[in-house]
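Note: hydrogens, waters and symmetry copies are ignored here, and every other heavy atom, side chains too, is used. Start at 1 and go down the list; that is how both ligands and their atoms are numbered.
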Amino acid sequence: MSTKQPIGLFDSGVGGLSILKEIHTLLPAEDMLYFADQAHVPYGSRSLEDVRMFSEEITRFLLAHGAKIIVLACNTASAASLHYLRAVFPDVRFIGMEPAIKPAAQRTKSGIVGVLATPATFQGELFASVVDRFADGVQVLQSTLPGLVERVEKGDVDSPQVEQILNRGLEPLIERGADTLVLGCTHFPFVLPMIEALSGERIEVIDPSPAIARRTQQVLREEQVRSSIEETGKIRYLTSGDLEPFKRTLERLAMPAGDVDQAIWKDLHLAPVAGGSQG
Ligand code: DGL
């Protein structure tokens, strides 16, 4: 492992870019290789077995392209495969996501917290174990915001449709007394401004992405592989879906510039890619 290698990140689609943004802000000198599995998005309605299979192959792909550590920038992939990947790749450092129930339980005054996540995340053992360990008597309400992941995939974070999905999901939580809200899906930080506009002072939102960036910094330090270059690191964005819509979404989500390429699934394997085009 060397300091010059990129950080590898992946998600079902563009959600993990919310994590990439935070890491880029905290660690601007790091090169990053981001994989959006848009051929399979959304992960949230798939079986945990399928998501585990995709995660394993994407991990192999990112390692083959030089990733020094892997960030599972996806709650669903973490719920389905974090333990499994650590067992299959014992020499690789993985950073995964789990819903931030602990800080939510510490901050709530009403004793009721809402969690926004995908159906697959709620089904996974990881969610049950986080609630078991950290809810500490606090009531945890769930909401899946159907359709929101698909809107964010298009780069839509502020349309009337997004507002409608959020209203439908948030109002019942607030009515039932939730005063704290956990973003348990990496697509959702992109709609944080709208969540705040709709819920005002009524609910405090916990976005775990800055904490994931700090954890990444800590792991790079522990492994002694922090980038030592002076200039800004290079970012490469890869999608298993169509290239042009992906480029448009990167623009709409105001992502930092980088090379953009396609990596195609064939018989459950990803072919290596070379070169790159400026997006
Ligand atoms: N961004 C993802 C997550 O954090 C997955 C969304 C999806 O593909 O359903 O859970």
Side-chain angles (χ1 to χ4, degrees), residues 8-23 34-55 57-59 70-85 94-101 104 114-128 130-131 142-157 162 165-166 169 181-192 195 205-213 215-216 237-242 245-246 249-250 253 255 265:
L9 306 97
F10 73 92
D11 178 54
S12 60
V14 300
L17 295 171
S18 60
I19 304 292
L20 182 144
K21 251 187 193 172
E22 290 292 338
I23 296 178
Y34 181 89
F35 188 92
D37 192 11
Q38 290 182 309
H40 296 130
V41 71
Y43 277 1
S45 48
R46 290 179 179 273
S47 72
L48 295 173
E49 290 73 27
D50 279 357
V51 175
R52 195 174 302 138
M53 195 165 62
F54 302 145
S55 300
E57 178 60 15
I58 296 166
T59 297
I70 306 277
V71 181
L72 281 75
C74 176
N75 290 76
T76 309
S78 301
S81 57
L82 183 58
H83 292 305
Y84 174 78
L85 292 176
F94 289 96
I95 294 164
M97 320 243 349
E98 59 180 30
I101 301 288
V115 180
L116 306 178
T118 67
T121 295
F122 286 130
Q123 277 154 30
E125 279 168 27
L126 186 65
F127 183 72
V130 170
V131 171
Q142 305 180 3
S143 182
T144 58
L145 302 179
L148 187 57
V149 166
E150 289 83 349
R151 304 286 341 167
V152 177
E153 281 299 303
K154 295 194 173 91
D156 172 11
V157 295
V162 169
I165 294 169
L166 286 173
L181 188 68
V182 174
L183 302 186
C185 169
T186 55
H187 280 74
F188 299 165
F190 284 114
V191 297
L192 184 54
I195 293 179
V205 183
I206 299 184
D207 171 9
S209 33
I212 296 296
R215 174 78 190 131
T216 304
Y237 302 99
L238 295 168
T239 179
S240 58
D242 294 331
F246 183 53
T249 298
L250 290 174
L253 298 179
M255 295 309 295
W265 285 98

*Does an N or O from T121, backbone or side chain, lie closer than 3.5 Å to an N or O of ligand 1?*
no
*Give a yes or no answer on whether the side chain of Y34 reaches the backbone of G16 with a donor-acceptor pair at less than 3.5 Å.*
yes
*So, do W265 and I58 sit near enough that their side-chain heavy atoms are less than 4.5 Å apart?*
yes
_Distance-only donor-acceptor check, side chains T76 and T118, under 3.5 Å_ = yes
_Can you confirm, on distance only, whether ligand 1 has an N/O atom lying under 3.5 Å from any N/O atom belonging to G44?_
yes
_contact_flag C74 ligand 1 heavy-atom lt 4.0 Å_ = yes
*For ligand 1, note which part of V149 has a heavy atom under 4.0 Å away: side chain, backbone, both or neither.*
side chain
*Check each heavy atom of C185 against ligand 1 and say whether those closer than 4.0 Å belong to the side chain, the backbone, both or neither.*
both
*asked:* To check your reading of the model: name the closest protein heavy atom to atom 7 (C) of ligand 1, its residue, and the distance in Å.
replied: Y43 N, 3.3 Å
*Is there a donor-acceptor pair under 3.5 Å between the side chain of T186 and the backbone N or O of A73?*
yes
_Would you call the rings of F246 and Y237 parallel, tilted or perpendicular, taking 30° and 60° as the class edges?_
perpendicular
*If you count the atoms of ligand 1 from 1 in the order shown, which ones are under 4.0 Å from a heavy atom of S12?*
5 (C), 6 (C), 7 (C), 8 (O)
*Heavy-atom nearest neighbour in the protein, as seen from atom 10 (O) of ligand 1, with distance rounded to 0.1 Å*: T76 OG1, 2.6 Å
*Compare N75, T118, D11 and give the one whose heavy atom is closest to atom 4 (O) of ligand 1.*
N75
*Got F188 and V149 here, is their nearest side-chain heavy-atom distance under 4.5 Å?*
yes
*For E153, does its backbone N or O pair with a side-chain atom of T249 as donor and acceptor, under 3.5 Å?*
yes
